[in-house]
Structures are given as structure tokens and as C-alpha cells.
J.: 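I have a structure I would like to understand better, so I am pasting it below and will then ask my questions one at a time.
Fair warning: this is a prediction, and the values are worked out from it, not measured in the lab. Residue numbers begin at 1 in each chain, while the letters A, B, ... track the order of the sequences.
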Amino acid sequence: MSLTPRTPAGTIRSDQVGRDVDLYGWVHRRRDLGGLIFIDLRDRSGIVQVKFDPVNAQAHSAGGELRPEWVVHLKGPVQRRPPGTENKELPTGEVEIEARAVTILNRAQPPPFAVNDDSPVDEQVRLRYRYLDLRRARMARNLQLRHRLTKAIRDFLDAEGFLEIETPVLIRSTPEGARDFLVPSRLKPGYVYALAQSPQLYKQLLMVAGMDRYFQIVRCYRDEDQRADRQPEFTQLDLEMSFVNEDDVLDVVERCFAHVWQKVLGVTVPMPIRRITHADAMLRYGVDKPDLRYGLEIEELSSSFDKTEFKIFRQALDAGGVIRGLRIPRSVGAKEIEALTEVARAEGAKGLAFWHREAEGWRSPIAKFFGERELVDLQAATKAEPGDVVVAVADQVEIVSAALGAVRKAAARTLGLVKEGAFEFVWVTDFPLFERSKETGEITAAHHPFTSPRPQDLERLASEPLKVQARAYDLVLNGTELGSGSIRIHDPELQQRVFQGLGISREEAEQRFGFLLTAFRYGAPPHGGFAYGLDRVVMLAAGQETIREVIAFPKNQQAEELMTDAPAPADPKQLRELGLELVRPPLKRPQ
RNA sequence: GGCCCCGUGGUGUAGCGGUCCAACAUGCCUCCCUGUCACGGAGGAGAUCGGCGGUUCGAAUCCGCUCGGGGUCGCCA
């Protein structure tokens with residue numbers, strides 16, 4: 001039995017009136033008026049109303065049995081709806097199908113939650129019955145958006161001369177970065193692969209191979225804790241280019257975003273995307289991924305208070321710290337200030353100083369500690385207007401940045417200063433090459449160990465490594481880091497020096513990255529690239545709060561896939577084949 | 001591992017020491033209804049309030065532990 005020709009339900013318009021159509025789909029909703037019965041028939045394309053008239057006895061009696069989510073084949077003519085009964089809410093609202101023949105292809109149990117509306121449902125239930133959840137309009141829309149967005153990316157990069165090339169998923173484990181998922185080797189007992197965290201090294205080797213411009217839409221795996229925007233397996237748009245500098249990479253990436261936003265959302269992204277240095281972002285926004293949908297820039301106030309006698313400020317300055325503040329262009333109640341203070345404290349600040357700007361001057365519990373000149377300076381620095389509130393933190397620079405960055409975000413959200421529906425892209429450039437691990441105190445790569453230092457910083461590599469800046473850049477959208485990239489090292493000697501800066505000895509580097517260093521000795525072109533989280537991009541484009549909403553079958557916070565109950569206890573036979581033995585038996589999970 | 005929030009018929013919520021063998025909406029079942037579109041009307045079934053323990057004359061409600069879910073910090077080169 002061939003199921004063609006099918007007519008997609010959502011595509012039927014009045015110009016098809018009189019034509020006989022074959023519809024295949026799900027019963028979305030049923031309205032039984034006693035005589036006449038209407039159902040909305042749903043398929044991927046949308047919804048169309050079907051009429052069951054008692055005149056068509058067979059169809060009408062079958063129609064009376066139908067329930068939501070039953071699968072049916074309907075045959076009948078497209079009819080114009082009687083005047084006054086059109087539904088302007090539906091694209092198909094001018095027409096209806098008169099069912100002349102009905103075949104019930106499958107009955108359905110009542111679903112555990114309503115498929116035919118968008119009412120909130122516990123996410124655990126949604127994930128357990130994901131195939132039902134995906135029938136709902138919002139999820140169907142998200143997956144269709146994801147498809148169109150992915151296709152727009154491919155079309156654009158293809159037109160720009162990029163080749164899509166697949167790289168291995170089962171790769172050698174490298175201890176840097178995120179925790180690896182390990183896959184034991186059956187053929188070499190005791191040996192393991194790692195699932196690729198990213199195609200980083202392979203794409204650089206593709207440049208050495210002369211592929212010139214590469215991209216890949218690629219699944220990546222990281223065994224870390226989950227978040228609203230983090231899954232153990234996620235998809236990256238990964239690209240790499242030869243014979244380029246920073247501007248070439250940024251140009252391609254931002255034109256790609258402009259193309260995609262125009263094509264998929266009909267939104268024009270102003271070009272070029274603005275750029276801000278990492279140092280500037282930390283100073284003005286307190287974070288390296290600023291949300292520019294609102295202002296609230298952080299102001300340097302240290303010099304305004306350089307002679308202050310206010311003990312808390314004095315001590316911070318004397319200890320080499322800074323005082324910075326934020327003008328909130330709105331009156332803020334005591335409760336809200338208390339909440340913002342808590343936000344600042346959570347980031348390590350000892351408190352939050354605040355002044356209410358009034359018509360005649362400043363009102364503040366700490367007003368008496370400040371002289372005329374300081375308040376004039378405060379006014380000049382913040383340009384506060386009557387009704388505004390200025391908050392400030394005094395401490396070491398890292399704490400001040402973190403605290404005010406968090407206060408800025410919290411204030412924007414609670415006071416409704418965020419421009420909804422806006423897409424504010426920004427490049428963050430000139431990242432440091434290294435950073436000191438908070439945990440171990442060791443120097444680690446801020447981006448990854450293959451990132452090129454700026455040429456003018458090369459002589460500081462050994463002497464002042466933390467002052468070396470990298471040829472690295474991040475792309476940020478609405479305060480979410482989409483991804484990052486860099487110009488890579490292509491000189492084996494420079495690569496060795498950076499490894500040494502990271503505390504990796506020559507021998508160790510040869511052992512772990514020998515293939516890369518060897519490759520670089522056979523003529524590596526200068527190259528650089530970028531990678532971003534496709535799930536995050538789709539999430540933001542679709543206006544969703546988590547990437548789970550744009551992934552067909554995502555995992556929960558325990559990294560479980562609830563529909564199939566993965567992961568599952570290991571089969572002893574499989575373990576034997578792999579030469580593995582469990583040290584700890586699997587815990588039983590109560591239902 | 002830390003912190004925060006949430007677990008009440010299938011689903012979403014209300015109830016926050018007795019008036020609750022738990023209420024409302026929706027879904028489900030039966031009946032009525034020939035222009036509905038979240039159709040309407042009448043009736044019915046359906047939860048021992050995540051679990052265990054405690055406080056109390058009395059617990060959905062208070063306390064402790066625990067299980068489950070989410071957010072977040074750490075972590076994510």
C-alpha cells in the first residue's frame with residue numbers, strides 16, 4: 001500500500017477548493033456537535049479542519065470514534081467554509097475537508113499530557129515521552145528552526161569555499177580540558193579511546209593537509225556537570241582557515257551569523273559586530289561575556305575617593321584595591337538594594353555601598369563620611385540624575401569586577417531593563433594567553449595550548465607569562481558565550497615554548513603531541529578558526545531558556561536519557577570482552 | 001560536593017495544624033447537541049498529598065532524614 005499522494009494538512013488553501021485530497025496525520029482536536037463532527041487534523045506541516053457530515057454515513061460514524069492522537073487517513077474534497085465560519089487564526093482557516101472516507105491507521109491511548117496545547121508539563125514526564133513532546137507545536141517549531149538554521153550555515157559556508165569534512169569521534173585522550181568520556185578498546189585490552197571533546201587537533205592537521213577552509217557540524221562530548229546550556233553531548237559548528245589573520249576569521253563568522261539571522265529569523269544584524277577587548281569587558285561589565293541588551297556600565301571611582309576617610313574604602317585602596325560603581329537609572333527600594341547586596345556578597349564583596357541621587361543631593365546611610373569634593377566627583381563619574389541610585393564596591397579588582405558584574409545582571413533583570421527580543425552580538429578580543437588556576441595555582445591555557453600569542457608579547461613568554469595576550473576571541477550574544485577561536489601556532493618551536501610555559505616538558509610534549517609537532521615540521525600554513533555551540537545559538541534564536549528545548553532527545557541533569565533509561569548497568573559479558581572488572585557494583589535506582 | 005527552588009488525581013494548580021476519606025481547571029468515560037474551532041450542556045470515575053520516621057489528641061500542612069526533578073557555584077583547555 002502506497003501512502004501517496006499525501007497532501008500536507010497545513011498547506012491547503014482556498015485555491016484548492018474542489019480538489020480531492022488525501023490527508024494522513026494525527027487527530028489534534030475533536031468537536032462533536034451531535035450531528036456535525038469537526039476534527040483538526042495535524043501533520044508536520046500544520047493543521048486543517050475536517051468536517052464529518054451525517055450525510056456521509058461511513059465517514060461520520062468512523063469520525064465519531066476518533067480521539068486525540070489517533071492516526072488516520074482521510075479522503076475528501078476541499079471545500080470553502082460557509083461565510084462567517086472562517087477561522088482567521090489558522091492559515092488553513094478559509095477551507096475545510098469534507099471527509100468522505102476514513103481509515104483509522106492506529107488508535108492511541110490518551111497521552112500522559114496534552115499534545116494539542118502548550119501548557120506547562122513536568123520536564124521529566126516530557127523527556128520520558130519525548131516522542132509525544134516533540135509533537136507539540138513549540139518543540140516541532142524548535143526542531144524545524146534548528147534544521148533551517150543548520151542549513152543556512154551550510155549554504156553560507158559552502159558558498160564561501162569551505163569543505164565539510166568529518167573527523168574521528170574515537171580519539172586519543174588528552175588530560176587537558178574537560179573530563180573525557182572513555183571507550184575501552186576490545187582489541188587492545190587496557191587501552192581506551194576518548195570521545196572527542198572537539199575536533200581541534202584534527203582540524204589543524206587538515207590545514208597542514210592543505211584543505212584551506214574546513215568546517216564541520218559535529219557532536220562533541222564532555223563529561224562535566226550539566227547546566228541549562230550544557231549537555232554531555234552537544235553540537236559545535238567548527239571551522240578552520242589557512243593563510244588568515246584575526247580579521248579574516250571574524251569577518252567570515254560574523255557574515256555567517258548575519259546570513260543565518262536574515263534567512264531564518266528575518267532579522268538584520270548590524271555589521272560589523274562590535275568588538276571589545278577582554279580587559280575592557282572586565283572593566284566596564286565585570287564579565288568576559290557582557291550582555292549588551294542594557295547599559296549599566298561600571299564606572300571607575302577609585303580616583304574620586306583617593307583621599308577618602310571612609311574606612312571601608314580607605315582600607316580597600318590602601319590594600320591595592322579599587323572602588324567601582326554602577327549607576328542604576330531608576331529608584332531602587334530598600335528590599336531591592338538588600339537583594340543586590342546579597343548578590344555582591346555571593347561574589348565575595350564585603351558589602352554594597354549605595355547613594356540615592358535626589359534633587360538637592362545625595363541620600364545615603366554613609367553620606368556623612370564623604371566631603372563635598374568626593375560627591376562632586378561621584379556625580380561627574382556617574383552622571384547620576386535625580387531618582388537614580390549609585391551602588392559601589394571597594395575591594396581587590398577581581399572581586400569588584402565579579403560583584404558588580406553580578407549586580408549589573410541582577411539589577412537589569414529585576415528592574416526590567418533588558419531589551420526583550422533584541423540580539424546583541426559582541427566580539428571579545430585580546431584574551432590573556434594563560435591564566436592561573438584557582439584550584440592548583442598552576443598556569444593553564446586560557447583558551448587552549450595551540451593558541452598563538454601576540455607577536456609583540458613573545459619575549460615575555462618565559463618572564464611574564466600572565467601578561468602575554470593571545471590572538472584569541474570569543475563571540476557573545478546576549479550575555480551567553482557562543483564560542484571562541486584563535487589564530488593558532490603553526491611553528492613547532494613556538495609551540496614547544498608555549499608547552500613549556502604550561503609546564504609541559506619537551507619529552508612530554510613529544511610524547512603527547514608529537515604528531516602535531518611533527519606535522520608542523522612538514523610545512524604548516526598559518527591558520528586560525530572558530531567554533532561555537534550550535535545548541536546555544538539555536539536556543540537563543542528560538543527564544544528558549546535551555547538547550548534541551550532545541551535538542552530532540554536531550555539528557556537530564558544526571559546525564560540520563562529518560563526515554564530509553566540510558567545509561568544502564570553494564571552487561572557482565574560485555575565487560576569480560578573488554579577485559580574490564582567493576583570495582584563498585586552499580587547502585588540500584590529506586591523507581 | 002556546596003547553596004537555592006519544587007514534588008498534592010493523567011496534566012497543571014489551590015489548600016499550609018482540625019471545618020480535607022482533599023478543592024479547581026483540564027484530560028478521561030457516559031448521555032444530549034448539525035457550523036464548531038480551547039465548541040457547549042448534564043452526569044460519572046479518578047489522588048491515602050514522593051517515601052520513611054518524629055512532634056501532636058489530631059499532619060497534605062510543623063520537624064528530621066531520604067528519594068526524585070530543576071537552577072546555580074565548583075567544574076566546562
J.: Quick check on B:rC39: is either OP1 or OP2 less than 4.0 Å from any side-chain nitrogen or oxygen of A:R29?
T.: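 The answer is yes; a side-chain N or O of A:R29 sits under 4.0 Å from OP1 or OP2.
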J.: Look at the side chain of A:L33 and decide which nucleotide, out of B:rC75, B:rC39, B:rG71, has an atom nearest to it.
T.: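 Looking only at side-chain atoms, A:L33 lies closest to B:rC39.
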J.: So A:R67, base contact, sugar-phosphate only, or nothing? Heavy-atom distance under 4.0 Å.
T.: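 Here A:R67 touches the backbone only, sparing every base.
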J.: Less than 4.0 angstrom between a side-chain N/O of A:Q226 and OP1 or OP2 of B:rC75, yes or no?
T.: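 No, A:Q226 has no side-chain N/O under 4.0 Å of OP1/OP2 on B:rC75.
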J.: Can you tell me the Watson-Crick or wobble partner of B:rC62, both distances under 3.5 angstrom?
T.: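 Matched B:rC62 with B:rG54 under the 3.5 Å cut-off.
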J.: Can you tell me how far C1' in B:rC57 sits from the matching atom in B:rC52, rounded to whole Å?
T.: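 Result for the C1' pair: 23 Å, nearest Å.
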J.: Please determine whether any donor N or O and acceptor N or O are separated by less than 3.5 Å between the side chain of A:R126 and the base of B:rG69.
T.: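 Answer is no: no donor-acceptor pair is held.
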J.: Do NZ/NE/NH1/NH2 and the carboxylate oxygens of A:R471 and A:E246 come within less than 4.0 Å?
T.: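 Answer for the salt bridge query: yes.
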J.: Please say whether more than 12 non-hydrogen atoms of neighbouring residues, nucleotides or ligands are located less than 6.0 Å from CZ in A:R44.
T.: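 Open.
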J.: May I ask you to verify whether the side chain of A:D225 and the base of B:rG74 hold a donor-acceptor pair under 3.5 Å?
T.: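 Flag set: donor-acceptor pair detected.
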J.: From CD of A:Q124 over to C1' of B:rG7, roughly how many Å is that when rounded to an integer?
T.: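 Spelled out: CD on A:Q124 to C1' on B:rG7 is 10 Å.
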J.: Send over the distance from A:I97 CD1 to B:rC37 C1', rounded to a whole Å.
T.: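 Answer to the nearest Å: 15 Å.
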J.: Has the side chain of A:R230 got a donor or acceptor atom sitting under 3.5 Å from an opposite partner on the base of B:rU72?
T.: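 By the distance-only test, no, there is no pair.
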J.: Return the nearest nucleotide to the side chain of A:P68; candidates are B:rC28, B:rU36, B:rC76.
T.: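 Per side-chain heavy atoms of A:P68, the pick is B:rC28.
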J.: How about A:F431 and A:H278: are their ring centres within less than 6.0 Å of each other?
T.: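 For A:F431 and A:H278, the ring centres are under 6.0 Å apart.
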J.: Looking at A:D238 and A:K203, does any basic side-chain N land under 4.0 Å from a carboxylate oxygen?
T.: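 Yes.
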J.: Using the P atom as the reference point in each nucleotide, state the distance between B:rG46 and B:rG40 in Å, no decimals.
T.: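 Taking atom P in both B:rG46 and B:rG40, they lie 25 Å apart.
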J.: Would you indicate, yes or no, if B:rC39 has its OP1 or OP2 atom less than 4.0 angstrom from a side-chain nitrogen or oxygen of A:R30?
T.: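 No, A:R30 has no side-chain N/O under 4.0 Å of OP1/OP2 on B:rC39.
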